[in-house]
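Notes for the one structure printed next.
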Amino acid sequence: MTDVMDAAFPPERALEVLLQLEPQLRDVGRARRAIVGLRAVAADHVELIDVDLGADGVLDAGAADALVVMTTEEVGDDEDVLCLTQLVCILPDGTEVGISRADDAQDARVWRTDRDAADAADDLRPRDVAANTARRAFGLPSAVANELTVRELLGRAWLMEVAGEALRRFDATGGPREVEVDELRPIAHRPLLGGLVSGDAPVPTWERIHAHAVAGHLELGHFPVAASHAAWLDEAGFAQVLDTTLPTAEDLLEQLRVTAGDQGMAWALAVLLDRGWHGRE
(Lines give C-alpha, C1' and ligand atoms only; values in the text may rest on other atoms or scores of the structure.)
Protein backbone atom coordinates (compact mmCIF):
# COMPACT_ATOMS: atom_id res chain seq x y z
CA MET A 1 0.00 0.00 0.00
CA THR A 2 1.27 3.45 -0.85
CA ASP A 3 1.67 6.21 1.70
CA VAL A 4 -1.29 8.40 2.59
CA MET A 5 -1.34 11.55 0.44
CA ASP A 6 -0.05 14.72 2.02
CA ALA A 7 -1.45 16.96 -0.71
CA ALA A 8 -4.98 18.31 -0.66
CA PHE A 9 -7.70 16.20 -2.28
CA PRO A 10 -7.31 17.07 -6.00
CA PRO A 11 -10.24 17.84 -8.33
CA GLU A 12 -9.14 15.03 -10.68
CA ARG A 13 -9.60 12.48 -7.93
CA ALA A 14 -12.96 14.02 -6.99
CA LEU A 15 -14.12 13.62 -10.59
CA GLU A 16 -13.02 9.97 -10.67
CA VAL A 17 -15.12 9.27 -7.59
CA LEU A 18 -18.18 11.06 -9.01
CA LEU A 19 -17.93 9.15 -12.29
CA GLN A 20 -17.98 5.91 -10.31
CA LEU A 21 -20.88 6.96 -8.10
CA GLU A 22 -23.15 8.59 -10.67
CA PRO A 23 -24.30 5.41 -12.51
CA GLN A 24 -25.15 3.78 -9.17
CA LEU A 25 -27.38 6.69 -8.13
CA ARG A 26 -29.41 7.26 -11.29
CA ASP A 27 -32.44 5.39 -9.97
CA VAL A 28 -32.54 7.18 -6.62
CA GLY A 29 -35.73 9.21 -6.20
CA ARG A 30 -35.83 12.92 -6.86
CA ALA A 31 -36.64 13.79 -3.28
CA ARG A 32 -33.43 12.29 -1.92
CA ARG A 33 -30.77 14.56 -0.46
CA ALA A 34 -27.51 13.15 0.86
CA ILE A 35 -24.12 14.39 2.03
CA VAL A 36 -21.16 12.04 2.51
CA GLY A 37 -17.48 12.62 3.13
CA LEU A 38 -14.50 11.53 1.05
CA ARG A 39 -11.22 10.65 2.72
CA ALA A 40 -8.00 9.84 0.89
CA VAL A 41 -6.44 6.94 2.79
CA ALA A 42 -3.76 6.27 0.17
CA ALA A 43 -2.61 7.60 -3.17
CA ASP A 44 -4.81 5.04 -4.92
CA HIS A 45 -7.65 4.59 -2.44
CA VAL A 46 -10.55 6.78 -1.34
CA GLU A 47 -13.13 6.00 1.33
CA LEU A 48 -16.69 7.23 1.69
CA ILE A 49 -17.24 8.25 5.30
CA ASP A 50 -20.21 9.45 7.30
CA VAL A 51 -20.39 13.07 8.40
CA ASP A 52 -22.35 14.34 11.38
CA LEU A 53 -25.35 16.62 10.88
CA GLY A 54 -26.32 17.92 14.30
CA ALA A 55 -29.86 18.37 15.52
CA ASP A 56 -29.32 22.12 15.21
CA GLY A 57 -28.50 21.81 11.48
CA VAL A 58 -24.73 22.27 11.83
CA LEU A 59 -22.68 19.84 9.73
CA ASP A 60 -19.34 18.58 11.08
CA ALA A 61 -17.11 17.44 8.20
CA GLY A 62 -14.87 15.59 10.65
CA ALA A 63 -11.99 13.84 8.89
CA ALA A 64 -13.40 14.35 5.40
CA ASP A 65 -11.03 15.70 2.74
CA ALA A 66 -14.03 16.59 0.57
CA LEU A 67 -17.81 16.41 0.70
CA VAL A 68 -20.10 14.85 -1.90
CA VAL A 69 -23.67 16.11 -2.17
CA MET A 70 -26.44 14.38 -4.06
CA THR A 71 -29.45 16.57 -4.68
CA THR A 72 -32.08 17.57 -7.20
CA GLU A 73 -33.09 21.05 -8.26
CA GLU A 74 -35.65 22.67 -10.50
CA VAL A 75 -34.06 25.39 -12.59
CA GLY A 76 -35.46 27.82 -15.14
CA ASP A 77 -38.47 30.11 -15.13
CA ASP A 78 -42.18 29.44 -14.67
CA GLU A 79 -42.66 28.52 -18.34
CA ASP A 80 -39.60 26.32 -18.81
CA VAL A 81 -38.62 24.34 -15.72
CA LEU A 82 -35.95 21.65 -15.86
CA CYS A 83 -35.24 19.14 -13.11
CA LEU A 84 -31.54 18.45 -12.62
CA THR A 85 -30.07 15.61 -10.63
CA GLN A 86 -26.85 16.95 -9.17
CA LEU A 87 -23.84 15.11 -7.84
CA VAL A 88 -21.22 17.57 -6.68
CA CYS A 89 -17.95 17.27 -4.79
CA ILE A 90 -17.01 20.31 -2.72
CA LEU A 91 -13.37 20.75 -1.74
CA PRO A 92 -12.18 22.77 1.27
CA ASP A 93 -10.55 25.41 -0.96
CA GLY A 94 -13.89 26.14 -2.65
CA THR A 95 -13.29 24.17 -5.85
CA GLU A 96 -16.38 22.25 -6.97
CA VAL A 97 -16.62 19.34 -9.38
CA GLY A 98 -20.01 18.13 -10.50
CA ILE A 99 -22.11 15.93 -12.72
CA SER A 100 -25.51 17.31 -13.72
CA ARG A 101 -28.13 15.22 -15.48
CA ALA A 102 -31.42 16.58 -16.77
CA ASP A 103 -34.63 14.57 -16.47
CA ASP A 104 -34.65 11.56 -18.81
CA ALA A 105 -31.40 12.67 -20.46
CA GLN A 106 -28.92 10.01 -21.50
CA ASP A 107 -25.90 12.28 -21.34
CA ALA A 108 -24.72 14.09 -18.24
CA ARG A 109 -22.82 17.36 -18.03
CA VAL A 110 -19.47 17.23 -16.22
CA TRP A 111 -18.20 20.55 -14.88
CA ARG A 112 -15.40 21.97 -12.77
CA THR A 113 -15.13 25.43 -11.31
CA ASP A 114 -11.33 25.35 -11.56
CA ARG A 115 -11.28 24.73 -15.31
CA ASP A 116 -14.58 25.62 -16.97
CA ALA A 117 -15.50 29.15 -17.91
CA ALA A 118 -16.70 30.90 -14.76
CA ASP A 119 -20.25 31.53 -15.97
CA ALA A 120 -20.68 28.00 -17.38
CA ALA A 121 -19.63 26.31 -14.14
CA ASP A 122 -21.48 28.77 -11.95
CA ASP A 123 -24.75 28.14 -13.80
CA LEU A 124 -24.56 24.45 -12.86
CA ARG A 125 -23.54 24.76 -9.21
CA PRO A 126 -26.40 23.51 -6.99
CA ARG A 127 -27.90 26.24 -4.84
CA ASP A 128 -30.11 24.32 -2.45
CA VAL A 129 -29.82 23.95 1.32
CA ALA A 130 -28.01 20.59 1.11
CA ALA A 131 -25.22 21.95 -1.09
CA ASN A 132 -24.88 25.06 1.04
CA THR A 133 -24.74 22.97 4.19
CA ALA A 134 -21.71 21.19 2.74
CA ARG A 135 -20.14 24.51 1.75
CA ARG A 136 -20.59 25.94 5.24
CA ALA A 137 -18.95 22.85 6.78
CA PHE A 138 -15.74 24.09 5.12
CA GLY A 139 -16.47 27.73 5.94
CA LEU A 140 -17.29 28.54 2.30
CA PRO A 141 -19.91 31.10 1.24
CA SER A 142 -23.41 29.90 0.41
CA ALA A 143 -24.62 30.03 -3.19
CA VAL A 144 -28.27 31.10 -3.33
CA ALA A 145 -30.60 31.88 -6.21
CA ASN A 146 -33.69 34.08 -5.78
CA GLU A 147 -32.72 35.35 -2.37
CA LEU A 148 -35.49 36.04 0.14
CA THR A 149 -35.94 39.76 0.76
CA VAL A 150 -36.37 41.22 4.23
CA ARG A 151 -39.77 42.64 3.28
CA GLU A 152 -41.00 39.23 2.15
CA LEU A 153 -39.73 37.68 5.38
CA LEU A 154 -41.70 40.28 7.36
CA GLY A 155 -44.79 39.53 5.31
CA ARG A 156 -44.58 35.84 6.00
CA ALA A 157 -43.81 36.39 9.70
CA TRP A 158 -46.81 38.73 9.97
CA LEU A 159 -49.07 36.29 8.16
CA MET A 160 -48.01 33.49 10.52
CA GLU A 161 -49.16 35.62 13.46
CA VAL A 162 -52.48 36.53 11.87
CA ALA A 163 -53.22 33.12 10.34
CA GLY A 164 -52.25 31.39 13.58
CA GLU A 165 -54.65 33.54 15.59
CA ALA A 166 -57.39 33.00 13.02
CA LEU A 167 -56.91 29.24 13.20
CA ARG A 168 -57.06 29.31 17.00
CA ARG A 169 -60.35 31.21 16.92
CA PHE A 170 -61.70 29.10 14.06
CA ASP A 171 -61.30 25.91 16.10
CA ALA A 172 -63.75 27.13 18.72
CA THR A 173 -65.11 24.94 21.50
CA GLY A 174 -68.54 24.85 19.91
CA GLY A 175 -67.18 23.83 16.51
CA PRO A 176 -65.51 25.65 13.60
CA ARG A 177 -66.70 29.18 12.90
CA GLU A 178 -65.68 31.86 10.46
CA VAL A 179 -63.44 34.47 12.10
CA GLU A 180 -64.28 38.16 11.68
CA VAL A 181 -61.66 40.58 10.44
CA ASP A 182 -62.23 42.83 13.48
CA GLU A 183 -61.02 39.98 15.70
CA LEU A 184 -57.71 39.95 13.85
CA ARG A 185 -56.97 43.67 13.63
CA PRO A 186 -55.18 43.83 17.05
CA ILE A 187 -52.85 41.05 15.87
CA ALA A 188 -51.73 43.23 12.98
CA HIS A 189 -49.76 45.46 15.35
CA ARG A 190 -47.86 42.82 17.28
CA PRO A 191 -44.03 43.09 17.22
CA LEU A 192 -42.38 40.62 14.85
CA LEU A 193 -39.23 38.48 14.90
CA GLY A 194 -38.96 38.55 18.67
CA GLY A 195 -39.41 42.30 19.05
CA LEU A 196 -36.98 43.32 16.31
CA VAL A 197 -39.74 44.87 14.20
CA SER A 198 -42.52 46.96 15.73
CA GLY A 199 -44.63 49.98 14.90
CA ASP A 200 -43.21 52.29 12.27
CA ALA A 201 -39.60 51.31 12.94
CA PRO A 202 -37.36 51.09 9.84
CA VAL A 203 -37.14 47.74 8.08
CA PRO A 204 -34.08 45.94 9.50
CA THR A 205 -31.22 44.69 7.36
CA TRP A 206 -30.35 41.03 6.95
CA GLU A 207 -27.25 41.78 9.04
CA ARG A 208 -29.42 42.88 11.98
CA ILE A 209 -31.81 39.93 11.63
CA HIS A 210 -28.91 37.50 11.44
CA ALA A 211 -27.29 39.02 14.54
CA HIS A 212 -30.65 38.89 16.33
CA ALA A 213 -30.86 35.15 15.57
CA VAL A 214 -27.24 34.53 16.61
CA ALA A 215 -28.05 36.17 19.95
CA GLY A 216 -30.94 33.72 20.37
CA HIS A 217 -33.67 36.37 20.18
CA LEU A 218 -35.33 35.51 16.85
CA GLU A 219 -38.90 34.23 17.24
CA LEU A 220 -40.78 32.61 14.36
CA GLY A 221 -43.56 30.66 16.02
CA HIS A 222 -43.29 26.94 15.34
CA PHE A 223 -40.29 27.41 13.03
CA PRO A 224 -37.33 28.35 15.25
CA VAL A 225 -33.74 28.57 14.07
CA ALA A 226 -31.16 27.52 16.66
CA ALA A 227 -28.72 30.27 17.60
CA SER A 228 -25.83 27.87 16.95
CA HIS A 229 -27.14 27.19 13.44
CA ALA A 230 -27.61 30.89 12.74
CA ALA A 231 -24.04 31.62 13.88
CA TRP A 232 -22.68 28.86 11.64
CA LEU A 233 -24.55 30.13 8.58
CA ASP A 234 -23.59 33.18 6.57
CA GLU A 235 -26.31 35.74 5.85
CA ALA A 236 -27.25 34.26 2.46
CA GLY A 237 -27.50 30.74 3.85
CA PHE A 238 -29.44 31.96 6.88
CA ALA A 239 -31.97 33.72 4.64
CA GLN A 240 -32.28 30.57 2.54
CA VAL A 241 -32.99 28.42 5.60
CA LEU A 242 -35.79 30.80 6.59
CA ASP A 243 -37.12 30.83 3.03
CA THR A 244 -37.31 27.03 2.85
CA THR A 245 -38.55 26.55 6.43
CA LEU A 246 -41.36 29.09 6.75
CA PRO A 247 -44.77 28.55 5.11
CA THR A 248 -45.20 30.52 1.89
CA ALA A 249 -47.31 33.66 1.81
CA GLU A 250 -49.66 31.94 -0.63
CA ASP A 251 -50.25 29.01 1.75
CA LEU A 252 -50.84 31.34 4.69
CA LEU A 253 -53.27 33.50 2.73
CA GLU A 254 -55.16 30.36 1.71
CA GLN A 255 -55.31 29.31 5.37
CA LEU A 256 -56.81 32.71 6.15
CA ARG A 257 -59.38 32.25 3.39
CA VAL A 258 -60.49 29.01 5.04
CA THR A 259 -60.66 30.43 8.57
CA ALA A 260 -61.70 34.05 7.94
CA GLY A 261 -63.32 33.86 4.53
CA ASP A 262 -62.55 35.89 1.42
CA GLN A 263 -62.84 39.10 3.42
CA GLY A 264 -60.14 37.95 5.84
CA MET A 265 -57.77 37.02 3.04
CA ALA A 266 -58.47 40.29 1.21
CA TRP A 267 -57.84 42.32 4.37
CA ALA A 268 -54.51 40.58 5.04
CA LEU A 269 -53.38 41.03 1.45
CA ALA A 270 -54.29 44.73 1.57
CA VAL A 271 -52.22 45.18 4.74
CA LEU A 272 -49.24 43.43 3.15
CA LEU A 273 -49.43 45.52 0.01
CA ASP A 274 -49.76 48.72 2.03
CA ARG A 275 -46.63 47.85 4.01
CA GLY A 276 -44.74 46.63 0.95
CA TRP A 277 -44.38 43.16 2.46
CA HIS A 278 -45.78 41.02 -0.36
CA GLY A 279 -43.74 39.51 -3.19
CA ARG A 280 -40.07 39.71 -4.06
CA GLU A 281 -38.53 43.11 -4.62
Side-chain angles (χ1 to χ4, degrees), residues 56-57 78 129 144-227 229-231 233-281:
D56 60 355
D78 293 337
V129 171
V144 180
N146 301 318
E147 293 185 10
L148 178 71
T149 68
V150 170
R151 290 184 179 276
E152 188 185 14
L153 169 65
L154 296 181
R156 288 161 74 173
W158 182 83
L159 278 172
M160 285 195 302
E161 291 281 344
V162 173
E165 180 68 15
L167 181 61
R168 186 183 70 80
R169 291 174 179 268
F170 177 79
D171 290 330
T173 304
R177 67 174 183 85
E178 187 168 293
V179 180
E180 299 295 330
V181 170
D182 285 344
E183 299 177 70
L184 302 176
R185 293 188 193 279
I187 311 302
H189 302 289
R190 284 182 180 174
L192 299 173
L193 307 183
L196 186 62
V197 178
S198 60
D200 297 325
V203 173
T205 62
W206 270 120
E207 182 180 8
R208 283 191 62 204
I209 298 171
H210 188 211
H212 194 63
V214 171
H217 301 319
L218 184 69
E219 294 180 11
L220 285 166
H222 300 298
F223 304 93
V225 176
H229 192 198
L233 292 165
D234 55 6
E235 284 181 24
F238 171 68
Q240 182 183 50
V241 166
L242 294 185
D243 192 11
T244 56
T245 301
L246 301 181
T248 66
E250 290 72 19
D251 287 346
L252 291 166
L253 285 168
E254 176 59 22
Q255 180 179 320
L256 267 175
R257 188 192 65 78
V258 172
T259 56
D262 289 340
Q263 70 277 9
M265 183 177 70
W267 165 76
L269 184 57
V271 172
L272 292 177
L273 292 173
D274 181 63
R275 297 182 181 183
W277 290 359
H278 187 62
R280 307 251 173 182
E281 293 175 343

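Counting from 1, the numbers follow the sequence of the chain as shown.
- One finds the CG atom of D243 at 4.5 Å from the CG atom of L148 (value rounded to the nearest 0.5 Å).
- The heavy-atom pair separating A166 from V179 by the smallest distance is O-CG2, 3.4 Å.
- Looking at E235, its side chain never comes within 3.5 Å of a backbone N or O of W206 through a donor-acceptor pair.
- Note: R156 CZ to L253 CG = 11.5 Å, rounded to the nearest 0.5 Å.
- Under the 4.5 Å side-chain criterion, counting only non-hydrogen atoms from C-beta, P247 is in contact with M160.
- Between V203 and V197, the closest side-chain pair of non-hydrogen atoms is not below 4.5 Å.
- Note that the CG atom of L154 and the CZ atom of R151 stand 8.0 Å from one another [nearest 0.5 Å].
- Not counting sequence neighbours, the partners of H212 by the side-chain contact (heavy atoms from CB on, under 4.5 Å) test are L196, H217, L218.
- Taking OG1 of T245 as the reference point, atom CZ of F223 lies at 8.5 Å (rounded to 0.5 Å).
- Every residue two or more places apart in sequence or in another chain that forms a side-chain contact (heavy atoms from CB on, under 4.5 Å) with E165 is listed here: R168, R169, L184, I187, R190.
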Using the rule given for side chain to side chain contact (heavy atoms under 4.5 Å, CB included), can you reason through L192 versus W277, listing the C-alpha separation, both sets of side-chain angles and the distance that settles it, and then say yes or no?
CA-CA 13 Å; L192 299 173; W277 290 359; 3.7 Å; yes
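- Atom OG1 in T259 sits 10.5 Å away from atom CD in E183 (nearest 0.5 Å).
- For D56, the side-chain hydrogen bond (donor to acceptor under 3.5 Å, both in side chains) test picks out S228, with sequence neighbours left out.
- Applying the side-chain contact (heavy atoms from CB on, under 4.5 Å) rule to V144 yields the partners N132, S142, E147, A236, Q240; only residues at least two apart in sequence or on another chain are considered.
- The closest side-chain heavy-atom distance from L193 to W158 is not below 4.5 Å.
- Shown here are the side-chain hydrogen bond (donor to acceptor under 3.5 Å, both in side chains) partners of R208, two or more places apart in sequence or in another chain: there are none.
- You'll find the side chain of L246 reaches within 4.5 Å of the side chain of L220, heavy atoms only.
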May I have the list of side-chain donor-acceptor pairs in residues 262-276 shorter than 3.5 Å, sequence neighbours left out?
{"residue": "Q263", "atom": "NE2", "partner": "E178", "partner atom": "OE2", "Å": "2.8"}
{"residue": "Q263", "atom": "NE2", "partner": "A260", "partner atom": "O", "Å": "3.1"}
{"residue": "R275", "atom": "NH1", "partner": "A188", "partner atom": "O", "Å": "3.4"}
{"residue": "R275", "atom": "NH2", "partner": "A188", "partner atom": "O", "Å": "3.0"}

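- Here R177 does not pair with D171 in a salt bridge; the nearest charged N to carboxylate O distance is not below 4.0 Å.
- Closest approach of T244 to V241, counting heavy atoms only: OG1-O, 3.2 Å.
- Although no hydrogens or angles enter the test, the distance criterion places no donor-acceptor pair under 3.5 Å between the side chain of H210 and the main chain of F238.
- Sorted by first then second residue, the salt bridge (charged side-chain N to carboxylate O under 4.0 Å, His left out) pairs that include residues 246-258, not counting sequence neighbours, are E254-R257.
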